[in-house]
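Quick notes on the structure that follows.
In the text below, chain A, chain B and the rest are named by the order of the sequence lines, each starting its count at 1.
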Number of protein chains: 4
Amino acid sequence: MTRRTDPEKPPRLDEHPGEGAVRGTQRMEIFADAVFAIAFTLPMVEIALPEPGPRFVSDLLELWPQYLGYGLSALVIGIYWVHHHFSGAIYRTTGHHFLLATILFLIAIGFIAFPTRAFAEHIHDPAAREAGAIFYTCALAATNLAWLVKWKTGCATGDVDDRLEPSYVDRLTRKYHVTAALIVAAAALVFVRWEAGLALAAAVTLYYLKAPETPVYTEQAPTVEGESD
Amino acid sequence: MTRRTDPEKPPRLDEHPGEGAVRGTQRMEIFADAVFAIAFTLPMVEIALPEPGPRFVSDLLELWPQYLGYGLSALVIGIYWVHHHFSGAIYRTTGHHFLLATILFLIAIGFIAFPTRAFAEHIHDPAAREAGAIFYTCALAATNLAWLVKWKTGCATGDVDDRLEPSYVDRLTRKYHVTAALIVAAAALVFVRWEAGLALAAAVTLYYLKAPETPVYTEQAPTVEGESD
Amino acid sequence: MTRRTDPEKPPRLDEHPGEGAVRGTQRMEIFADAVFAIAFTLPMVEIALPEPGPRFVSDLLELWPQYLGYGLSALVIGIYWVHHHFSGAIYRTTGHHFLLATILFLIAIGFIAFPTRAFAEHIHDPAAREAGAIFYTCALAATNLAWLVKWKTGCATGDVDDRLEPSYVDRLTRKYHVTAALIVAAAALVFVRWEAGLALAAAVTLYYLKAPETPVYTEQAPTVEGESD
Amino acid sequence: MTRRTDPEKPPRLDEHPGEGAVRGTQRMEIFADAVFAIAFTLPMVEIALPEPGPRFVSDLLELWPQYLGYGLSALVIGIYWVHHHFSGAIYRTTGHHFLLATILFLIAIGFIAFPTRAFAEHIHDPAAREAGAIFYTCALAATNLAWLVKWKTGCATGDVDDRLEPSYVDRLTRKYHVTAALIVAAAALVFVRWEAGLALAAAVTLYYLKAPETPVYTEQAPTVEGESD
């Protein structure tokens, strides 16, 4: 891990040679937030409004698997967003390789609504439901692995805030490794027993509804953005 | 309500244990703004351009229920955005549970254009119009309830700015409760007499065109973002 | 115009009673930027990829009116964005009524791609082209009028930066009035002679490619965002 | 190049007469980020979910050229975003003409997914593949040229940070010229031998996966955004 000489001093734009211009996390967060927001909202466009007529009410009600697809996809993307928001307080800078790892993660986020819909919208149909569940579980696992790659890259390039307690950073690393191992196991299991694989992947994802551990700093904790000492 | 020991001091990233990393409202606002903006603009994509031919002008004019759907949905989303913008000055920090409540509210915002279109685009058709009005009124009520849940969560987790006069915060809470009660009544009424239910829900929503009460602070009011004392 | 007592002091969140919580322009700009960006990019989704086959190349080339529609709509939205960016330096605060006027303007921005496509995509077809030109010119005029309403609202509510020279503000007001009068004339003319009306509306719009006058301040000009004295 | 009288002093809003109100890069970056994010995420909407039935699994698998189209387009847009993020640290201000050049570049970014899909989605079909490769290579070249125009405009209008070493700026200019020359050569070559032209354009684009040179300043390097000295 590249260490700055003095963690007390604010980072400079020309630090981390070989990483381009190191900047704060704000720009990366804005781009990521926009991708999250589009992936979150877009699946609603896919739902076609039924034609008027005597069956209009039942047509609207029969769209429930599509509403479920929207809700489920928004929930998963929302959970990742909350944690991305959290980790935005954990990173202090962003260099070239960390940004590339972020792009990889965001490609997974932009993709996830599709397998979610493949599962949710065909939930009536036994054959399609199983295939959809396999696709969905594998996509959840790929997204989680991309998250891990992003975290490991951030640690390796020194973009993680070095005012954090090393033991705190280690606990986060362990948590992300355990989660990734479980969800890869779910993606293997789903090919054998789809209900079990999907349930495990869902449990791992819902576990993230729990608040992450509040950061611990080696020195006085930084104040929130926009406030001064 | 979790109270910081000293409201005069700026909040720190490690405050509110059990809420992850508490940050300022800026990140949450950017994500929310992006979801608002997409939900606001997206319904225009649903309007298909008519084919050229002798009926092109009348085809364009006959699309008026679709233009109405876009305008109505943009108006409702716009009103909520203005109030979300307002409340962004009311909250000071964002923790894990407040973010989850925000996700719930944004799922409602991302959904609202669909029932709006279900009502507006079938406004000629008596049967579909009634079903659409019921769907639309219920969706307006659900969005309003999600707003209330967000507000109550923000109060409970101490994310509301504690420099505000407690009586001011109480007046906001009362206002949100009354509005929610009225719109839930509208959603019950709409099943009996759809015109009355829809009219009540519309009146409650349009009431929000009125400017909210200007905040009152116990100490010197904060200056606007980007300006210094 | 509501005047603050002392223009030298930074504005506070509780100023402008009756306007909700007055905040800086940043939040409004982020929402507006997102709406601009979506309206700018979205028309590309409407272009369907041709099927492969012996006519694939000519099919791609025959899509030129659709590429034109995208380019034209992006150009108009881009010009308005550049001026919105400019005026973002002209406003200092945003209150409730100014935000409502901004919503009105953004409804026009979100709509403009549709009439642009109605004109550009049917440019081969004489009858549809004329109808499209009328629709497009009226939409350009409506957008320009919404811009004027936003400006007048910002002036009336005291959200325009009061460190600007009053004569500078007056020159902007005059410019917006003249432009609005010309484009309303174009929208009247287009019903009589569509080529002339469209040409006038296009000329007024392209005039905005010219840089606006650099602001003049009564006191020392503010430094750019993110830089300190 | 317009030079400020004293590069040590922070830039002011009324500098660069004839360029409107010169502002910081933040607003431009937010708009650009939103366009990037939409162009990045939108191609997923184009992929239609197959109907359920006995062929559902193979239908999902046969969509691989579409997944490839999404991945390829997101990769190219992601690479440009990383460099745009980088260059955001290189510019210090934004004036009217630099914004217009940015609009031109963003029109190319918003367009690029379409030719990417024209190539990737028809990769099975020999005739369409060749046409798609030509279209795609030309679009990559046009995007690169728009990037160069943006850079040259920023240099000419004095929006590049004048605290940078002139020799550093010269090296960037040279790099952008060489890249543009190579990709224009690729766009010529693709008409003669499409595999060679496409390979050259891809090599030039992938070369940008390499981190750009870390900025060199004539004076003390600026600290990252949001941190103070």
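- Proximity to chain B (any heavy atom under 4.5 Å) is shown, for C:His124, by neither the backbone nor the side chain.
- Taking 4.5 Å as the limit, every side-chain heavy atom of C:Arg12 sits out of range of all side-chain heavy atoms of B:Pro222.
- The choice from B:Thr41, B:Ile30, B:Leu49 that makes the most heavy-atom pairs within less than 4.5 Å of chain C is B:Leu49.
- Taking chain C as the reference chain and counting heavy-atom pairs below 4.5 Å, the highest number among B:Gly71, B:Pro54, B:Pro215, B:Pro43 is found for B:Pro215.
- Of the atoms belonging to B:Gln26, it is side-chain heavy atoms, and not backbone ones, that fall under 4.5 Å from chain C.
- The most heavy-atom pairs under 4.5 Å with chain C, out of B:Met44, B:His85, B:His83, B:Glu51, come from B:His85.
- Contacts between B:Tyr70 and chain C at a heavy-atom distance below 4.5 Å involve the side chain alone, from C-beta outward.
- Taking CH2 of B:Trp81 as the start and CZ of C:Arg27 as the end, the distance is 6.5 Å to the nearest 0.5 Å.
- The two residues C:Ala34 and B:Ala37 come nearest to each other via the heavy atoms CB-CB, 3.4 Å.
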Derivation and outcome, side chain to side chain contact (heavy atoms under 4.5 Å, CB included), residues B:Val224 and C:Leu13: CA-CA 5 Å; B:Val224 304; C:Leu13 283 180; 4.2 Å; yes

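- The two residues C:Arg23 and B:Glu29 have their closest heavy-atom pair at NH1-OE1, 3.0 Å.
- For B:Ala32, no part lies near chain C; criterion is any non-hydrogen pair under 4.5 Å.
- Closest of all the heavy-atom pairs between C:Phe114 and B:Leu60 is CE2-CD2, 4.2 Å.
- For a residue to count as touching a neighbouring chain, one of its non-hydrogen atoms must lie under 4.5 Å from one of that chain's; by this rule B:Leu61 does not touch chain C.
- Expressed to the nearest 0.5 Å, how far CD1 of B:Ile77 lies from CG of C:Leu106 amounts to 12.5 Å.
- With a 4.5 Å cut-off on non-hydrogen atoms, C:Phe135 touches chain B through its side chain but not through its backbone.
- For C:Ile134, no part sits under 4.5 Å from any heavy atom of chain B, backbone or side chain.
- For a residue to count as touching a neighbouring chain, one of its non-hydrogen atoms must lie under 4.5 Å from one of that chain's; by this rule C:Glu121 touches chain B with the side chain only.
- The two residues B:Thr214 and C:Glu19 have their closest heavy-atom pair at OG1-N, 4.0 Å.
- In this structure, C:Ile103 and B:Gly78 approach most closely via the heavy-atom pair CD1-CA, 3.5 Å.
- Of the atoms belonging to B:Leu209, heavy atoms from both backbone and side chain fall under 4.5 Å from chain C.
- For the residue pair C:Gly20 and B:Ala211, the shortest heavy atom distance occurs at N-CB, 4.2 Å.
- Two rings, from C:His122 and B:Phe56, have their centers less than 6.0 Å apart.
- Here B:Val45 is the residue among B:Val45, B:Ile79, B:Val57 with the most heavy-atom pairs under 4.5 Å with chain C.
- Residue contact with chain B, scored on non-hydrogen atoms closer than 4.5 Å, involves the side chain of C:Asp125 exclusively.
- Residue contact with chain C, scored on non-hydrogen atoms closer than 4.5 Å, is absent for B:Tyr168.
- Proximity to chain B (any heavy atom under 4.5 Å) is restricted, for C:Leu42, to the side chain, taken from C-beta onward.
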